[in-house]
Amino acid sequence: MCRLKNSWIEISPEVSAALQAGRPVVALESTIISHGLPWPENLEMARQTERLIREQGVVPATIAILAGRPVVGLNDGQIEQLAKQRDVAKVSRRDIGLIMATGRFGATTVASTMLLAQVAGIRVFVTGGIGGVHRHAQQTMDVSADLQELARTPVAVVCAGAKSILDIGLTLEYLETQGVPVVGLDTDDFPAFYTRSSGFPVDARLTIQQAATAMHAHWELGLTNGLVVANPIPADQALEESYINGIIEEALRAADDQGIKGKAITPFLLARIKELSGGRSLAANLALVYHNAIQGARLAAAYAAEGVRSG
Ligand code: PSU
Ligand code: MN
């Protein structure tokens, strides 16, 4: 049986059954598949992430728009199709209805994945890194819609922080203004994706169990926004800060020289960083996503267990 909570979206039978039974589910985005990683590593990443979540006894729900239809819980064939497909639109909040109306394929960003997860009733979402306030946003006004979504949608986003392609200090200021808690999983430092610290502190260092409690407290008090749950890359997989920052600077210069703007900038920078690092950034990227999958699944399990106790 396929529960259609809202006839515009399709929830897979497995995800639907888990949600109805109160079992833990973790949402996964698809922009990382279509625009964040190259073929075939994108397919390998999507499959391995789901496998790691299942090993924790949690149901994964990869989210994307397939031929105009938002699907929560892609099956393996659908994941493979998306990973191979060309001309997949990068879909943020504003694009969802447009892609549905034109019957296209769409890969969901953090913002639109949060939105669709919330419609389905999923509270925990695992990704690599969130979008944020871009450098020189004072001039460009380029602030990722991910931050605005965190400000309005009640989903916890497990990530390895934000890449320093962004202005991390301004990103954290924006989240503070919007009342979005930034939790460090067993860390005091907000991580910078490839490295374990950005030099900026998190709001609170919590264990997984405490983070689950914080989510219950946050939402049961009636707060309606999301949380950032930052989980640093494992130490043995982290890249050297001066090395990766040099590459990021070079990628930013290339984007500037070529006049890349708007929604194209993040995918451009990600691809350029991968090229310039000769694949080292790719290995780190995969490692941090897998770590986030495991910790995010544990968080979803702790959140569901606590719900049963306090419910
Ligand atoms: N940062 C990464 N990898 C990614 C993205 C961001 O390190 O794949 C993707 C996510 O889907 C995120 C989106 O939601 O890019 C943000 O795009 P923009 O900066 O255009 O809002
Ligand atoms: Mn942008």
Side-chain angles (χ1 to χ4, degrees), residues 27-39 41-42 45-46 49 62-65 82-83 88-96 106-117 125-151 153 155 157-168 170-171 174-175 190-195 198 226 228 230-233 239 244-245 247-248 251-252 255 260-274 277 281-293:
L28 297 162
E29 63 149 309
S30 44
T31 291
I32 186 171
I33 301 176
S34 298
H35 301 279
L37 294 170
W39 168 267
E41 287 87 354
N42 60 348
M45 181 281 304
T49 301
T62 298
I63 297 179
I65 301 182
L82 188 77
V88 179
K90 176 179 162 190
V91 174
S92 191
R93 166 182 271 260
R94 69 168 180 185
D95 306 298
I96 298 174
T108 51
T109 63
V110 169
S112 55
T113 306
M114 284 181 77
L115 183 87
L116 292 169
F125 162 28
V126 164
T127 185
I130 54 170
V133 178
H134 283 260
R135 297 195 196 184
H136 312 296
Q138 298 91 328
Q139 281 81 47
T140 63
M141 288 186 70
D142 190 348
V143 176
S144 174
D146 293 355
L147 299 187
Q148 197 52 36
E149 204 62 45
L150 280 158
T153 299
V155 170
V157 180
V158 179
C159 62
K163 284 201 175 86
S164 56
I165 58 173
L166 303 166
D167 187 320
I168 295 180
L170 289 187
T171 299
Y174 194 95
L175 290 169
F190 186 69
F193 201 85
Y194 299 116
T195 57
S198 62
V228 173
N231 180 45
I233 185 171
L239 298 182
I244 193 64
N245 284 346
I247 284 176
I248 287 172
L252 285 163
I260 311 286
K261 289 196 179 64
K263 69 194 280 185
I265 186 125
T266 298
F268 176 90
L269 292 171
L270 300 180
R272 199 64 200 226
I273 290 166
K274 194 208 124 214
S277 74
S281 70
L282 181 60
N285 200 337
L286 295 177
L288 67 86
V289 170
Y290 298 155
H291 190 220
N292 291 347

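We count ligands from 1, going down the list as the structure has it; atoms in each ligand are counted the same way.
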Heteroatom distance test ([X], ligand 1): nitrogen or oxygen, under 3.5 angstrom:
X: G36; answer: no
X: D146; answer: yes
X: S144; answer: yes

List the closest protein heavy-atom neighbour of [atom]: residue, atom name, distance to the nearest 0.1 Å.
atom: atom 3 (N) of ligand 1; answer: L270 CD1, 3.5 Å
atom: atom 1 (N) of ligand 1; answer: G129 O, 3.6 Å
atom: atom 9 (C) of ligand 1; answer: T31 CG2, 4.0 Å

(message) If the cut-off is 4.0 Å to any non-hydrogen atom of K163, which atoms of ligand 1 fall inside it?
(response) 2 (C), 3 (N), 7 (O)

(request) Would you kindly specify which portion of T266 sits under 4.0 Å from ligand 1, judged on non-hydrogen atoms: side chain, backbone, both or neither? (result)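 Side chain only; the backbone of T266 stays clear of ligand 1.
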
(message) Residue-level breakdown please: for I265 versus ligand 1, do any non-hydrogen atoms fall below 4.0 Å on the side chain, on the backbone, on both, or on neither?
(response) neither

Given side chains that start at C-beta, do those of [X] and [Y] come closer than 4.5 Å, heavy atoms only?
X: L37; Y: L286; result: yes
X: T127; Y: N292; result: no
X: E149; Y: V157; result: no
X: S164; Y: N245; result: yes
X: L82; Y: T62; result: no

(message) What's the separation between atom CG in L252 and atom CG in L166, rounded to the nearest 0.5 Å?
(response)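 Rounded to the nearest 0.5 Å, the CG-CG separation comes to 9.0 Å.
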
(request) Using atom types as modelled and distance alone, determine if a side-chain donor or acceptor of T49 lies under 3.5 Å from a backbone N or O of A293. (result) no

(request) Report yes or no: does T108 contribute a side-chain atom to a donor-acceptor pair with the main-chain N or O of V91 at less than 3.5 Å? (result)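 Checking the backbone N and O of V91 against the side chain of T108, no donor-acceptor pair under 3.5 Å is found.
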
(message) Report the atom name of the nearest N/O/S atom of D142 relative to the Mn ion (ligand 2).
(response) OD1

(request) Have a look at K90, E29, H134, K263 and point out the one with the heavy atom closest to atom 18 (P) of ligand 1. (result)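 Residue with the shortest heavy-atom distance to the ligand atom: K90.
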
